[in-house]
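Being a predicted model, the structure only gives us computed values, none of them experimental. Whatever order the structure lists ligands and atoms in, that order sets their numbers, starting from 1.
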Amino acid sequence: MTVKSIAVLTSGGDSQGMNAAVRAVVRSALYNGLEVYAVQRGYQGLINDDIRQMDLRSVGDIIQRGGTVLQTARCEEMRTLEGQQKAAENLKKRGIDGLVVIGGDGSYQGAHKLTLQGIRTMGVPGTIDNDIPFTDFTIGFDTAVSIVVDAINKLRDTMTSHERSSVVEVMGRHCGDIALYAGLASGAEAILVPEVEFDLQAVAKRMRDNFEHGKKHSIIVVAEGVGEGENVAKQLTESSGVDSRVTVLGHIQRGGTPTHNDRVLASRLGDFAVRRLIEGDSSKGVGLVNGELVATDIDKIVTSKKPFNLDMYDLALRLSQ
Ligand code: ADP
Ligand code: F6P
């Protein structure tokens with residue numbers, strides 16, 4: 001059985017490149033002769049029946065925009081059977097038999113629940129966190145890392161002038177990838193992530209030693225999952241004697257125009273999701289692994305954890321003497 005009519009929504013935290021993914025889903029569906037609909041505000045819009053038909057022009061001029069033109073929401077009702085039934089019913093009454101969900105692992109679980117209600121679903125990994133397994137990168141991660149690196153470049157200038165240390169708190173709820181990649185790309189002296197135990201006293205000692213040997217600044221990247229950067233900066237100042245200032249980058253990391261990497265990834269994954277639906281697949285999440293497009297059972301994705309790249313973590317520390 002194949003799909004004739006599909007819908008697309010964005011859900012959970014937004015990420016740069018979601019629009020490029022929406023565009024790819026809509027244009028790929030139309031190219032393949034399907035009807036295509038868009039749902040506004042994620043699962044909340046699905047339950048509220050906020051659904052409209054799309055044409056080629058509906059997704060014009062969005063590939064370069066951050067955020068999501070479909071808007072997004074976190075929806076408690078979708079966690080209930082009643083909510084899931086209502087959501088599926090609103091699709092079925094329009095003859096929509098397939099749904100592409102662009103979001104994180106929570107959104108994938110919602111998609112899986114809709115499969116149980118007779119809707120064929122496909123997940124596209126849209127989150128800055130890079131915490132979805134079975135894809136090397138998620139859509140938005142590359143842009144978020146670029147934003148952090150750009151911010152650290154600026155912080156370096158003023159930290160060097162004042163011979164201070166900069167503690168930069170970055171996003172990534174349970175995943176240290178933003179901290180890891182931005183830290184390696186910025187020459188950070190320490191990268192504190194939830195996946196690796198660390199000793200703040202040892203970080204402070206290394207910082208003090210480095211300053212005594214002529215270092216003029218120090219960058220410490222802290223993933224929000226390990227605690228507040230404010231506390232880290234306070235403890236480092238007390239233990240090292242080096243004035244440590246915190247910068248919390250917050251939602252800045254989720255905005256702005258997507259990088260070409262995120263646009264390319266979003267375009268490839270959005271199109272692939274549609275093609276897999278047409279081929280009869282369902283309840284899968286798409287990804288790019290070692291350059292190959294793959295589709296993996298959502299069940300498997302949401303019960304697995306993405307491995308943390310310890311080699312890269314060690315490299316970052318070795319290079320930042
Ligand atoms: P993300 O998709 O970025 O991980 P959330 O974890 O907030 O974001 O999930 C987004 C939405 O997906 C939730 O608000 C909820 O509507 C839906 N969702 C999450 N988990 C489930 C679940 N177990 N069953 C049904 N829907 C879910
Ligand atoms: O999952 C994406 C993310 O940006 C996380 O990195 C962060 O912890 C969370 O969303 C913030 O969510 P909100 O915007 O709802 O505060």
Side-chain angles (χ1 to χ4, degrees), residues 8-18 21 39-48 50 66-68 70-88 90 99-117 119 121-133 135 137-145 147-148 168-182 193-195 221-229 248-256 258 262 283 285-286 298-299 301-306:
V8 57
L9 61 79
T10 52
S11 168
D14 67 352
S15 71
Q16 306 94 331
M18 276 186 163
V39 182
Q40 208 68 20
R41 291 188 193 79
Y43 292 124
Q44 194 61 60
L46 199 50
I47 290 170
N48 294 348
D50 197 351
T68 160
L70 300 187
Q71 299 172 284
T72 183
R74 293 197 163 103
C75 170
E76 281 312 304
E77 203 180 342
M78 185 60 195
R79 294 175 192 271
T80 67
L81 183 61
E82 203 192 5
Q84 293 153 19
Q85 285 169 339
K86 223 191 280 179
N90 286 335
L99 177 69
V100 177
V101 171
I102 304 166
D105 56 350
S107 304
Y108 276 29
Q109 295 191 45
H112 182 64
K113 296 285 164 54
L114 287 175
T115 310
L116 305 179
Q117 297 299 322
I119 303 294
T121 61
M122 212 37 80
V124 174
T127 164
I128 63 167
D129 292 357
N130 206 33
D131 60 347
I132 301 188
T135 186
F137 297 108
T138 58
I139 299 164
F141 174 69
D142 188 67
T143 311
V145 171
I147 291 168
V148 176
V168 186
E169 183 188 310
V170 302
M171 276 187 168
R173 269 185 286 199
H174 313 292
C175 179
D177 274 16
I178 294 178
L180 173 65
Y181 280 73
V193 293
E195 293 89 344
V221 183
V222 182
E224 62 176 346
V226 305
E228 292 189 2
V248 180
L249 293 178
H251 289 88
I252 293 276
Q253 294 160 93
R254 286 224 311 247
D262 275 330
S283 205
V286 295
I298 283 182
D299 244 359
I301 294 175
V302 299
T303 52
S304 307
K305 188 159 168 48
K306 191 167 191 155

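- Within ligand 2, the atoms closer than 4.0 Å to a non-hydrogen atom of Asp129 are 1 (O), 2 (C), 3 (C), 5 (C), 6 (O), numbered from 1 in the order shown.
- We find the CD-CZ distance between Gln44 and Arg74 to be 13.5 Å, quoted to the nearest 0.5 Å.
- Residues Asp50 and Arg41 are paired through a salt bridge, judged by an N-O separation under 4.0 Å between the basic side chain and the carboxylate.
- If you check each of Glu224, His251, Met171, Arg254 against atom 8 (O) of ligand 2, the one with the closest non-hydrogen atom is Glu224.
- Ligand 2 lies within reach of Gly172, whose nearest heavy atom is under 4.0 Å from it.
- Distances below 4.0 Å separate heavy atoms of Gly104 from the following atoms of ligand 1: 1 (P), 2 (O), 3 (O), 4 (O).
- The protein heavy-atom contact nearest to atom 7 (O) of ligand 1 is Arg74 NE, 2.7 Å.
- Checking only distances, Gly106 does come within under 3.5 Å of ligand 1, N or O to N or O.
- What sits closest to atom 16 (O) of ligand 1 on the protein, heavy atoms only, is Cys75 O, 2.6 Å.
- Within the 4.5 Å cutoff, no side-chain heavy atoms of Ile139 are placed close to those of Met18.
- The nearest pair of heavy atoms linking Asp177 to Asn130 is OD2-ND2, 2.9 Å.
- The line from CD1 of Ile178 to CD1 of Ile128 is 4.0 Å long, rounded to the nearest 0.5 Å.
- At the top of the distance list for atom 15 (O) of ligand 2, counting protein heavy atoms only, stands Arg74 NH1, 2.5 Å.
- Closest to atom 11 (C) of ligand 1, if we only count protein heavy atoms, is Ser11 OG, 3.7 Å.
- The protein atom (non-hydrogen) at minimum distance from atom 8 (O) of ligand 1 is Gly12 CA, 3.5 Å.
- Nearest-heavy-atom check against atom 13 (C) of ligand 1 across Met78, Arg79, Gln44 picks out Arg79.
- Taking each heavy atom of Gly227 and Val222 in turn, the nearest pair found is O-CG1, 4.0 Å.
- The shortest side-chain heavy-atom distance between Tyr43 and Leu114 falls under the 4.5 Å cut-off.
- Only the side chain of Lys113 comes within 4.0 Å of ligand 1, judged by heavy-atom distances.
- Applying the 4.0 Å criterion to heavy atoms of Gly13 picks out, from ligand 1, the atoms 3 (O).
- Proximity of Leu70 to Val39: side-chain heavy atoms (C-beta onward) are nowhere separated by under 4.5 Å.
- Scanning the protein heavy atoms around atom 26 (N) of ligand 1, the nearest turns out to be Gly110 CA, 3.4 Å.
- At least one N or O atom of Gln109, backbone or side chain, sits closer than 3.5 Å to an N or O atom of ligand 1.
- Heavy-atom neighbours of Leu116 CG from other residues, nucleotides or ligands within 6.0 Å: above the threshold of 12.
- With respect to atom 2 (O) of ligand 1, the closest heavy atom belonging to the protein is Ser107 OG, 2.5 Å.
- No side-chain heavy atom of Asp131 sits less than 4.5 Å from a side-chain heavy atom of His174.
- Note: no N/O pair closer than 3.5 Å links Tyr43 and ligand 1 by distance alone.
- When only modelled atom types and interatomic distance are considered, Thr115 and Thr121 share a side-chain donor-acceptor pair under 3.5 Å.
- Between Asp105 and ligand 1, an N or O atom pair is found at a separation short of 3.5 Å.
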